[in-house]
Amino acid sequence: MTQDERLEKYADLVVRVGANVQHGQDVVLTYQIEHALVARAVARAAYQAGARRVHILPADLHIRKAAIEFGPEEELGVTPGYLLEWAKTWRDTKPAIIQLTGNPDPGLFAGLDPKLVGKAEPKDLREVYLPLVTERLVNWVIVPAPNEGWARTVLGEPDVERLWQAVATAMRLNEDDPVRAWQDHAAALRARANALNAHGFDAIRFRGPGTDLVVGLLAASRWMCATFETTSGIEHLPNIPTEEVFTTPDWRRTSGVVRSTYPLIVPGVFARVDGLEVRFEDGKIVDVRAEGDGAEVIRGQLDSDPQARYLGEIALVDGSSRIRQTGLVFHDTLFDENASCHIAYGSGLPMAVEGVDGAGVEELLAAGVNVSGTHTDFMIGGGEVEVDGIAADGSETPVIRDDAWVLEASY
């Protein structure tokens, strides 16, 4: 397969299976300027799939750096009003949203004030967009775009071709029929979700070096995976690649300590945080530790709104993950969260809770579903971490042991 053929196959998978762009639908495509080659291929595939118009939202992290260094602090992270007003129309127009990821310059913000770096993330735009996702109003996908900077971070050299090969493995592009491969993979993940739902666990426990964490679930929590469906019936795969089964926990019922097992690249801020350790009491993050100034970066996110310190997601992944099997740490949350079990502080996922469709903020919080302008995943699983399901009577059932899924699957 030539590089051009691979890129065409990639773009087709992103558009037709990931976002599942509909004929006559608008597409919003967000990317860094270093992703331009991939963005062009995706836009072309979107038009071939029948898109009415592809709206592009390119970004340049160097310009954000300049704003942090020399611009007025009160303007950091402020999205132009016309863009916010346009984004608010998405609730009615319901475009397909495609986001390319893969940090082209991970060390760009090194040495800058972490508080200002955190403030520079456009949270106002995220606050408009995130409810469209959690309420299942739009079909969307986040996918990787290999580039020299990302390759240098992952491989120690700007070998974009080698990174593409790893990405192709994770995305199953090297299969004869990638679409069928994803259908089979989704079925296997559904079996895991079905098994968890059949047990009806009251909580999930993680135990390992530096970790003893109990995450309480809601009676209405339902484990999900891979394929989402909008309220209008459009099936899509929000993350490619994906290896997780996940649900929304009760934001009031997490306790214990947890240590990250992978570096965390903070979304929007692009700051790397190593050695993250977090302690929960009554659902709330009450202590944060990390190497260097990482804890300050995390605290900046946690202080962004009153509910940011509570959990919104819990996800389980074992060692069969294609991403884990590459042997690489991708330094990109899209990939690394699918190499390991993870939790996310911030906004919950109402689609994973029965009976809350259409609920407002206060109703969601009362039902135990967190609502926040933040949603940050960090990885807590691996070969040394055991995962158990806890029943309402306190009995525990092994789910993951020695990095292998041991809970009986249910098709």
Side-chain angles (χ1 to χ4, degrees), residues 28-40 56-84 87 99-130 142-158 160 163 263-276 288 290-304 308 329-336 346 373-378:
V28 175
L29 176 59
T30 70
Y31 59 94
Q32 298 295 322
I33 59 171
E34 291 86 353
H35 302 156
L37 182 64
V38 177
R40 291 169 190 156
I56 62 171
L57 288 178
D60 186 342
L61 294 178
H62 289 268
I63 293 177
R64 184 184 296 188
K65 180 185 179 184
I68 294 169
E69 290 180 304
F70 308 115
E73 181 175 346
E74 64 270 17
E75 289 299 316
L76 291 178
V78 178
T79 299
Y82 72 91
L83 282 180
L84 285 179
Q99 178 184 344
L100 304 187
T101 184
N103 192 343
D105 199 342
L108 185 62
F109 298 149
L112 299 181
D113 184 340
K115 178 183 176 183
L116 297 181
V117 172
K119 192 172 182 180
E121 181 188 1
K123 297 183 182 70
D124 50 3
L125 182 59
R126 185 180 180 87
E127 289 172 357
V128 172
Y129 162 68
L130 196 56
I142 303 175
V143 291
N147 58 80
E148 285 191 4
W150 187 23
R152 188 179 293 109
T153 301
V154 176
L155 305 172
E157 57 182 346
V160 180
L163 180 59
L264 168 61
I265 307 300
V266 182
V269 178
F270 299 108
R272 172 172 169 160
V273 178
D274 290 287
L276 179 61
V288 178
E291 297 177 13
D293 58 10
E296 188 174 351
V297 173
I298 298 300
R299 291 188 193 108
Q301 279 201 314
L302 297 178
D303 292 339
S304 63
V329 176
F330 286 88
H331 302 272
D332 183 278
T333 301
L334 171 65
F335 274 78
D336 293 332
T374 294
H375 182 95
T376 298
D377 300 276
F378 69 98

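If you read the sequence from its start, that first residue is 1, and numbering goes on from there. As a basis for the values below, the full set of heavy atoms in this structure was taken, side chains included, without hydrogen atoms, waters or symmetry mates.
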K.L.:
For Phe330, check ring pair (Phe, Tyr, Trp, His ring centres under 6.0 Å) against everything at least two apart and list the hits.
P.N.:
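Listed in chain order: Phe335.
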K.L.:
Check whether any side-chain heavy atom of Leu76 sits under 4.5 Å from a side-chain heavy atom of Ile68, and report yes or no.
P.N.:
yes
K.L.:
Just wondering, do Leu112 and Lys65 contact through their side chains at under 4.5 Å, heavy atoms?
P.N.:
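Touching, per the 4.5 Å side-chain cut-off.
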K.L.:
Please determine whether the number of non-hydrogen atoms from other residues, nucleotides or ligands lying under 6.0 Å from atom CZ of Arg299 exceeds 12.
P.N.:
yes
K.L.:
Side-chain contact, heavy-atom cut-off 4.5 Å: Pro104 with Leu61?
P.N.:
yes
K.L.:
Is there a side-chain contact between His375 and Arg126 in this structure, where contact means two heavy atoms from C-beta onward sitting under 4.5 Å apart?
P.N.:
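They are in contact (side-chain heavy atoms under 4.5 Å apart), so the answer is yes.
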K.L.:
Taking all non-hydrogen atoms of both residues, which atom of His331 and which atom of Val329 are closest, and how far apart?
P.N.:
CD2-O, 3.1 Å
K.L.:
Counting N and O atoms only, with roles assigned by atom type, does the side chain of Ser304 sit under 3.5 Å from a partner on the main chain of Gly300, one being a donor and the other an acceptor?
P.N.:
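Flag not set: sc Ser304 to bb Gly300 has no pair under 3.5 Å.
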K.L.:
Does the side chain of Thr376 reach to within under 4.5 Å of the side chain of Leu264, using non-hydrogen atoms?
P.N.:
yes
K.L.:
Are the side chains of His62 and Asp105 in touch, meaning some heavy atoms are under 4.5 Å apart?
P.N.:
yes
K.L.:
Heavy atoms, side chains only, cut-off 4.5 Å: are Asp332 and Val154 in contact?
P.N.:
no
K.L.:
Do the side chains of Leu29 and Leu100 get nearer than 4.5 Å, heavy atoms only?
P.N.:
yes
K.L.:
Can you see which heavy atom on Ala295 is nearest to which on Ala290, and at what distance?
P.N.:
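Smallest interatomic distance, heavy atoms only, reads N-CB, 3.5 Å.
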K.L.:
Just by distance, do the side chain of Asp60 and the backbone of Ile33 share a donor-acceptor pair under 3.5 Å?
P.N.:
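No; zero donor-acceptor contacts below 3.5 Å.
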K.L.:
Are a donor atom and an acceptor atom from the side chains of Asp124 and Thr79 found within less than 3.5 Å of each other?
P.N.:
yes
K.L.:
Can a donor-acceptor pair be found, under 3.5 Å and without considering hydrogens, that links the side chain of Asn147 to the backbone of Ala145?
P.N.:
yes
